2 protein chains.
Amino acid sequence: MSEHSKVPSVEASELAKKLSESGLRLTSQREHVFHVLRAQTDHPTADEVYLRTKAEMPEISMATVYNTLDALVRCGLVKQVNVDRAATRFCCNMEDHCHFYCEECGWVHDIELSGGIRDFPIRMPRDLSARQLDISIRGACRNPGDCNRKSAGSS
Amino acid sequence: MSEHSKVPSVEASELAKKLSESGLRLTSQREHVFHVLRAQTDHPTADEVYLRTKAEMPEISMATVYNTLDALVRCGLVKQVNVDRAATRFCCNMEDHCHFYCEECGWVHDIELSGGIRDFPIRMPRDLSARQLDISIRGACRNPGDCNRKSAGSS
DNA sequence: GTCAATAATTAGAATCATTCTAATTTTAAA
DNA sequence: TTTAAAATTAGAATGATTCTAATTATTGAC
Ligand SMILES: [Mn+2]
Ligand SMILES: [Mn+2]
Ligand SMILES: [Zn+2]
Ligand SMILES: [Zn+2]
């Protein structure tokens with residue numbers, strides 16, 4: 001209920017730093033979107049980010065959300081995750097990890113890697129240079145009937 | 001130039017078998033689409049499959065290509081691959097493997113796994129049951145300038 | 001502080017892959 | 001044959017994302 005719902009600035013400094021490293025400005029919209037991403041550990045779609053940010057900042061536009069997500073990905077603060085043919089999802093956990101996607105309820109979950117991503121048993125051809133490795137696992141949250149089916153991505 | 005360009009039936013038997021196992025019929029369209037997928041080791045988009053199949057069978061429709069690809073995936077003859085936000089691609093290599101995606105030219109390449117997919121260093125939470133593991137690697141084909149940039153997916 | 005240049009934001013249109021719909025054709029059984 | 005189910009088709013609809021053109025905010029000289 002407090003009127004001056006300012007975004008906490010613990011992250012603002014890191015955000016400003018990373019943005020400026022990429023020649024980008026720190027704006028209120030970018031701050032809000034980043035805050036929204038950090039507020040929950042789920043993997044919202046652009047549209048979900050839009051709705052949540054709009055709650056804090058009603059005048060923000062969808063275009064800005066897309067632009068901002070793109071900016072955050074470009075300056076290394078957010079990862080892009082692709083699960084199936086559904087909407088691209090975004091993740092602000094920058095540790096090496098992979099994604100679990102529940103086919104029952106749509107929930108996306110981070111899964112740690114026990115070793116470094118380096119020692120994966122992949123035989124990489126010499127003529128290919130890898131920049132990024134993405135691992136996604138699809139399955140079910142729990143025994144069928146247990147997970148919150150069809151209620152994906154609500155806040 | 002030969003008039004009776006029939007699809008080779010080496011694969012037709014396997015196709016018919018797998019289809020019937022899923023309660024699906026073997027049709028000429030399905031045979032052609034499957035043949036098109038096997039003819040090249042690249043990873044065509046639905047649209048590319050459509051164009052190639054159309055060359056063999058001019059009356060086929062886009063809807064049928066989508067339906068057929070879906071049928072082939074459902075009966076375990078084709079894998080669906082998702083690279084970035086681009087069009088979904090399809091693969092008829094059913095071995096455990098991962099995909100390399102060249103960010104320069106759009107080429108998608110299969111990469112073998114040296115070990116089984118089982119012994120990957122992933123710490124799987126007990127309350128999650130995995131059905132499928134997808135690994136995609138993005139990078140560049142060769143030293144920048146060498147790969148056939150911007151000429152993805154041509155036949 | 002003013003001004004120009006640049007960056008960011010905005011609404012809405014455009015694009016593009018995919019799915020849906022409703023009508024028609026084919027196939028398999030009875 | 002007749003009939004029912006399955007498959008195919010053209011085209012419309014959907015939905016995520018990108019593009020466009022106009023407006024607003026920042027920045028850095030001056
Ligand atoms: Mn994540
Ligand atoms: Mn493949
Ligand atoms: Zn679930
Ligand atoms: Zn390449």
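Since the model is a prediction, treat every value here as computed from it, not as a measurement.
The local environment of CD in A/E95 is sparse, with at most 12 non-hydrogen atoms from other residues, nucleotides or ligands closer than 6.0 Å. Annotation for A/Q132: atom CD counts as buried by contact number, over 12 foreign heavy atoms lying within 6.0 Å.
Note on B/Y66: every side-chain N or O is 4.0 Å or more away from OP1 and OP2 of C/dT19.
As rounded to whole Å, 13 Å separates atom C1' of D/dA7 from atom CG of B/D70. Between A/E48 atom CD and D/dG15 atom P there is a gap of 14 Å when expressed in whole angstrom units. B/R25 places its CZ atom 13 Å from the P atom of C/dT26, with the value rounded to the nearest Å. Atom-to-atom, CD of A/E31 to C1' of C/dA8 comes out at 15 Å; the value is rounded to the nearest Å. Going from atom CG of A/L19 over to atom C1' of C/dA7 covers 13 Å, rounded to whole Å. Atom CG of A/L69 and atom P of C/dA8 are 15 Å apart (whole Å).
Here B/E21 does not pair with B/R74 in a salt bridge; the nearest charged N to carboxylate O distance is not below 4.0 Å. Between B/E56 and B/R52 no salt bridge is recorded (no basic side-chain N to carboxylate O distance below 4.0 Å).
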Could you run down the sub-3.5 Å N/O contacts of the protein with nucleotides 8-11 of chain D?
residue, atom, partner, partner atom, Å
D/dT8, OP1, B/T27, OG1, 2.6
D/dT8, OP1, B/Q29, OE1, 3.2
D/dT8, O3', B/Q29, NE2, 3.2
D/dT9, OP1, B/E59, O, 3.0
D/dT9, OP2, B/S61, N, 3.2
D/dT9, OP2, B/S61, OG, 3.4
D/dT9, OP2, B/T64, OG1, 2.5

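Relative ring orientation between A/H97 and A/H99 is described as perpendicular, the plane-to-plane angle rising above 60° on a 0-90° scale split at 30° and 60°.
Taken to the nearest 0.5 Å, the NE2 atom of A/H109 stands 11.0 Å off from the SG atom of A/C102.
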